[in-house]
There are 2 protein chains.
Amino acid sequence: MARSGPRTFDRDAALEAATLVFWEHGYSGTSISQLTAAMKINPPSLYAAFGDKRTLFTEVVNRYNATYGRFMADAFAEETTATGLVHRLIMGAAEHYAEGSHPPGCLVIAAAANNSPGNAEVSIELADRRNANRDLLQARIADAISSGELPADTDARGLATYVVAVIQGMSQQARDGVNTETLMAVGEMALRTWPVPPMATTARRG
Amino acid sequence: MARSGPRTFDRDAALEAATLVFWEHGYSGTSISQLTAAMKINPPSLYAAFGDKRTLFTEVVNRYNATYGRFMADAFAEETTATGLVHRLIMGAAEHYAEGSHPPGCLVIAAAANNSPGNAEVSIELADRRNANRDLLQARIADAISSGELPADTDARGLATYVVAVIQGMSQQARDGVNTETLMAVGEMALRTWPVPPMATTARRG
DNA sequence: TCCAATCTGTAGCGATCGCTACAGATAGTC
DNA sequence: GACTATCTGTAGCGATCGCTACAGATTGGA
């Protein structure tokens, strides 16, 4: 039987496999035996390579944000206007959340909803990430109000919360079986609410 | 020590206690020992009065829909126009999801998000309830298109999915700590997307 | 007053959880 | 080719899971 020597499994491939399992079943819904089966390694290899379940999950989330969820960070980095940013966030979610090549929805939104008291830390970790994104968006909207891109009476907090709520709702709908076409329709309807700029057109439409 | 005879605990009060625990921690995140502690009974009493955990949960969800979640069924039953119905659904969610008297968000949306394979049935049960509501709303919107209440080119499927996504997103935002005031702002923004009726005003506003 | 019925509390069942001790097997070093 | 280091597989740890057998306690009816 083939044993030992240097590591015989691909660490990143194992992380990818773990990502899909956590994405599908959530943190508490995923057991170590499910993980080792999907990653095709045994428990001691998992613990040697990734620490414990909690540490593995954090690494999975970070890798998720740099791969599947990258469109979010890209939108924040590349879009200079709040209007363009929100358009990219919402339509990116619509485009990606129901792709057939991976579990539906967003891992950060869906993976820690059921918190047994012992797993409270994980729920808080993901909630902090979600809220940080909302606060970042709110700041960008506030900037757009200051610069005159958006009307002066725009409610930055409410608008940021609205955008984030729509995205999270699209994630949930994707999990409930809605397809990409319908999600795109949802995204376009959501964008119609966007406050009309003082003298310009609203976001580009499909 | 006080034992036996006829039942010594209030069945409905025990159900209420179970509801709050499931609402807070979800189905799989709630253990029998948590339930028995909250309901102030011992495991044999729980199983005698409510069957197993799965049956208890279904009864909890039904009771939830008849109490905390009643505003949904009331809106469907009492509102005659699609516009009025959607207004009540969205503003009702905004009003109730961040109340301090109970866990935030909606039990039906939040309580079965993390599905270990063994709990798949519970996830499907709640997803069916959510999707049934969406389909019902879609049918009401289709009726409103037929009757001329809404423009003929309205996308009933997309619009129903949008409304449901907003409500589910508000539930998630409430769980992430957003207060009622902000949820109300989110709801009003969401309603601005509502298609303009051929010749009438849109829904009443706050 | 005594019995049958019913409920409650204790205690623990088998299964699974996250995690790890231990020993067998392989690679590089000299 | 022996030695050391490292990784892998088996096997099982204590704890908790959902659930229940059993017996003690109390009630209503005969």
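Chain identifiers are assigned alphabetically (A, B, ...) following the order of the sequence lines, protein sequences preceding nucleic acid strands; residue numbering begins at 1 within each chain.
With B:Glu149 contributing its side chain and B:Ala82 its backbone, the two residues share a donor-acceptor pair below 3.5 Å. Side-chain atoms of A:Arg140 do not come within 3.5 Å of backbone N or O of A:Val86 as any donor-acceptor pair. Remark: side-chain polar atoms of B:Asn179 are paired, donor with acceptor, to backbone N or O of B:Thr182 under 3.5 angstrom. Remark: side-chain polar atoms of A:Tyr162 are paired, donor with acceptor, to backbone N or O of A:Ala190 under 3.5 angstrom. No donor-acceptor distance shorter than 3.5 angstrom exists from the side chain of A:Arg157 to the backbone of A:Gln138, with no hydrogens or angles considered.
The CD-P distance, from B:Glu121 to D:dG18, rounds to 16 Å in whole Å. As rounded to whole Å, 17 Å separates atom P of C:dT6 from atom CZ of B:Arg11.
In the region residues 29-64 of chain A, proximity to DNA chain C at under 4.0 angstrom, judged on heavy atoms, holds for A:Thr30, A:Ser31, A:Ile32, A:Ser33, A:Pro43, A:Pro44, A:Tyr47, A:Asp52, A:Lys53. Within residues 15-23 of chain A, no residue is approached by DNA chain D to less than 4.0 Å at the level of any non-hydrogen atom.
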Determine, step by step, whether A:Ile90 and A:Val163 satisfy the side chain to side chain contact (heavy atoms under 4.5 Å, CB included) criterion, reporting the C-alpha distance in whole Å, the side-chain angles of both residues, the deciding distance to 0.1 Å, and the verdict.
CA-CA 7 Å; A:Ile90 286 183; A:Val163 170; 4.1 Å; yes
Please walk me through it: do B:Arg134 and B:Asn131 pass side-chain hydrogen bond (donor to acceptor under 3.5 Å, both in side chains)?
CA-CA 5 Å; B:Arg134 189 192 57 216; B:Asn131 289 338; 3.1 Å; yes
Run the side-chain hydrogen bond (donor to acceptor under 3.5 Å, both in side chains) check on B:Thr55 and B:Asp52 step by step: do they pass?
CA-CA 5 Å; B:Thr55 307; B:Asp52 60 6; 2.7 Å; yes
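For the pair B:Lys53 and B:Tyr27, the cation-pi test (distance below 6.0 Å, angle within 45°) is passed.
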A correct dot-bracket answer for DNA chain D, with pairs being Watson-Crick or G-U at under 3.5 Å, [ ] for crossing pairs and | for inter-strand pairs, is ||||||||||||||||||||||||||||||
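For CD of B:Glu99, the number of neighbouring non-hydrogen atoms (other residues, nucleotides, ligands) closer than 6.0 Å is greater than 12.
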